[in-house]
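What you see is a predicted model; the values in this text were computed from it and never measured.
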Amino acid sequence: MNDIKIGLESIDWQNYSIEVASSYASFRSYYRIYKENKSYILMDSSLDLDSLLPFVDINHRLSQSKVKAPQIIAQNIQKGYLILEDFGDTHYLDILTKDNYQQLYQKAIQEIIKMQQSDISNLSIYDKEFLIFEMNLMQEWYLEKYLNITLSKKEINIINDSIEKIANTVLSQPQDTFVHRDFHSRNILYTPTKDIGIIDFQDAKSGAITYDLVSLLRDCYIEWNTSEVEKLALYYKDQAKLDIDDKTFIRWFDFMGLQRHIKVLGIFSRLYLRDGKDGYLKDIPLTLKYVLDISSKYEELDGLCEILKGTK
């Protein structure tokens, strides 16, 4: 905390009180600062300096698209600190219910459409190599390291073949779209003015059109009725004015979800094994359920489904 006080003094930030706001899976920490009857968020990226300039860059791109990213009040890039507009403590996850989730998700879908208008120049691309790299985290960290499973050569070939098919289907849909990459109920804040505040966007890339949609609707932290989720996915398709039939769009949506959830199985396991963060282990069952439910719909993924079924 002393380092933080020194950093704040370097930008003439004085006469304040401070408390911990949150700390999630990354090496960033967040504090709430009170000054002159107003509150602000201090983002401490001193342990992750490389993420700071991308955060500032993406913040600007989103703001240009009228997306409610937090206004930057002050900054010390060298030490890794930003003082941001405070969106409050109410996340989507805190307020979603069976009675309101469709309305709230439609509101968030409109925000996705706005985000997708953001400038993507010089953003790294969600290409095939990266899609596959992410999915390979599942075999290494979930199957082999977390579950201590020794895979046969045949099983490894099935996994690799399935990953290839998933990547190809993801790439068959429209690309060159702004992708937040973590647009879910914990990264959407419902502000006191009932606006949607967007956070944790510094890893944005240019990629597939359904990525943020499936992150939102097949959230690793909360589950909704499958048919209603598909209706909301098609609501996005209609609102975005995509000239594609429903069946093809749902296939894009499903395979994009598989890519993300296969990756997340690996990431949640790695957070526990490498970083000592066990809070995400409880979210593995739902993430695995998504993978099994969707892979079982498509005959070409039967082999992958069978392998992962054995890990329940």
Heavy-atom pair with the smallest gap, counting every atom of [X] and [Y]:
X	Y	value
Val214	Gly257	CG2-CA, 3.5 Å
Ile209	Gln116	O-NE2, 3.0 Å
Ile294	Tyr298	O-CD1, 3.3 Å
Trp141	Gly266	CB-O, 3.4 Å
Gly80	Leu49	CA-CD2, 3.4 Å
Asp89	Asp94	O-OD2, 3.4 Å

Could you check Ile188 against His91 for side-chain contact (heavy atoms from CB on, under 4.5 Å), going step by step and ending with a plain yes or no? CA-CA 6 Å; Ile188 304 171; His91 296 80; over 6 Å; no

Tell me, with the steps shown, if Asp245 and Thr248 meet side-chain hydrogen bond (donor to acceptor under 3.5 Å, both in side chains). CA-CA 6 Å; Asp245 64 274; Thr248 300; 2.8 Å; yes

For [X], I'd like to know if atom [atom1] has over 12 heavy atoms of other residues, nucleotides or ligands within 6.0 Å.
X	atom1	answer
Asn122	CG	no
Lys38	NZ	no
Phe133	CZ	no

Between the side chain of [X] and the main-chain N/O of [Y], is any donor-acceptor distance below 3.5 Å?
X	Y	value
Gln117	Ile113	yes
Glu85	Gln71	yes
Asn187	Asp182	yes
Thr191	Asp195	yes
Arg61	Asp119	yes
Thr177	Gln175	yes
Ser152	Glu155	yes
Tyr142	Ile267	no
Asp219	Ser185	yes
His180	Asp203	no

Kindly indicate whether a cation-pi arrangement holds for Arg251 with Phe255, taking the cut-offs as under 6.0 Å to the six-membered ring centre and within 45° of the axis. yes

Phe87 six-ring centre to Lys68 NZ/CZ under 6.0 Å and within 45° of normal: no

Do the side chains of [Y] and [X] get nearer than 4.5 Å, heavy atoms only?
X	Y	answer
Leu82	Ile41	no
Lys289	Glu223	yes
Tyr280	Ser269	no
Ile125	Lys205	no
Asp44	Tyr30	no

In terms of side-chain geometry, is the basic nitrogen of [X] or [Y] positioned less than 4.0 Å from the acidic oxygen of its partner?
X	Y	result
Glu140	Arg270	no
Asp254	Arg218	yes
Arg260	Glu134	no

So, using ring-ring contact (aromatic ring centres under 6.0 Å, His included) as the criterion, who are the partners of Phe253 when residues are at least two apart? none

Can you list everything that forms a ring-ring contact (aromatic ring centres under 6.0 Å, His included) with Tyr221? Sequence neighbours excluded, please. His184

CA sep, side-chain torsions, deciding dist, call: Phe55, Phe201, ring pair (Phe, Tyr, Trp, His ring centres under 6.0 Å): CA-CA 7 Å; Phe55 181 95; Phe201 42 70; 4.6 Å; yes

Stepwise side-chain contact (heavy atoms from CB on, under 4.5 Å) check, Ile72 with Leu84: CA-CA 5 Å; Ile72 298 174; Leu84 305 169; 3.7 Å; yes

Could you walk me through whether Gln173 and Thr210 pass the side-chain hydrogen bond (donor to acceptor under 3.5 Å, both in side chains) check? CA-CA 8 Å; Gln173 62 188 273; Thr210 59; 2.6 Å; yes

Any link between [X] and [Y] through a network of hydrophobic side chains (Ile, Leu, Val, Met, Phe, Trp, Tyr) touching at under 4.5 Å?
X	Y	result
Ile112	Ile222	yes
Trp252	Leu234	yes
Phe183	Tyr101	yes
Ile132	Met256	yes

Sub-6.0 Å ring centroid separation between Tyr211 and Tyr126: yes

What verdict does the side-chain contact (heavy atoms from CB on, under 4.5 Å) test give for Leu189 and Tyr92, after you've listed the backbone C-alpha separation in whole Å, the side-chain angles of each residue and the deciding distance to 0.1 Å? CA-CA 6 Å; Leu189 286 160; Tyr92 249 42; over 6 Å; no

Any side-chain donor near an acceptor of the partner, Tyr235 and Gln110, under 3.5 Å: yes

Give the C-alpha distance, both sets of side-chain angles, the deciding distance and a yes or no for side-chain contact (heavy atoms from CB on, under 4.5 Å) between Leu258 and Ser295. CA-CA 7 Å; Leu258 284 170; Ser295 61; 4.3 Å; yes

Given the options Asp161, Asn168, Thr169, Lys165 meets side-chain hydrogen bond (donor to acceptor under 3.5 Å, both in side chains) only with Asp161

Tell me, please, which residues at least two apart from Lys114 pass side chain to side chain contact (heavy atoms under 4.5 Å, CB included). Lys66, Val67, Glu111

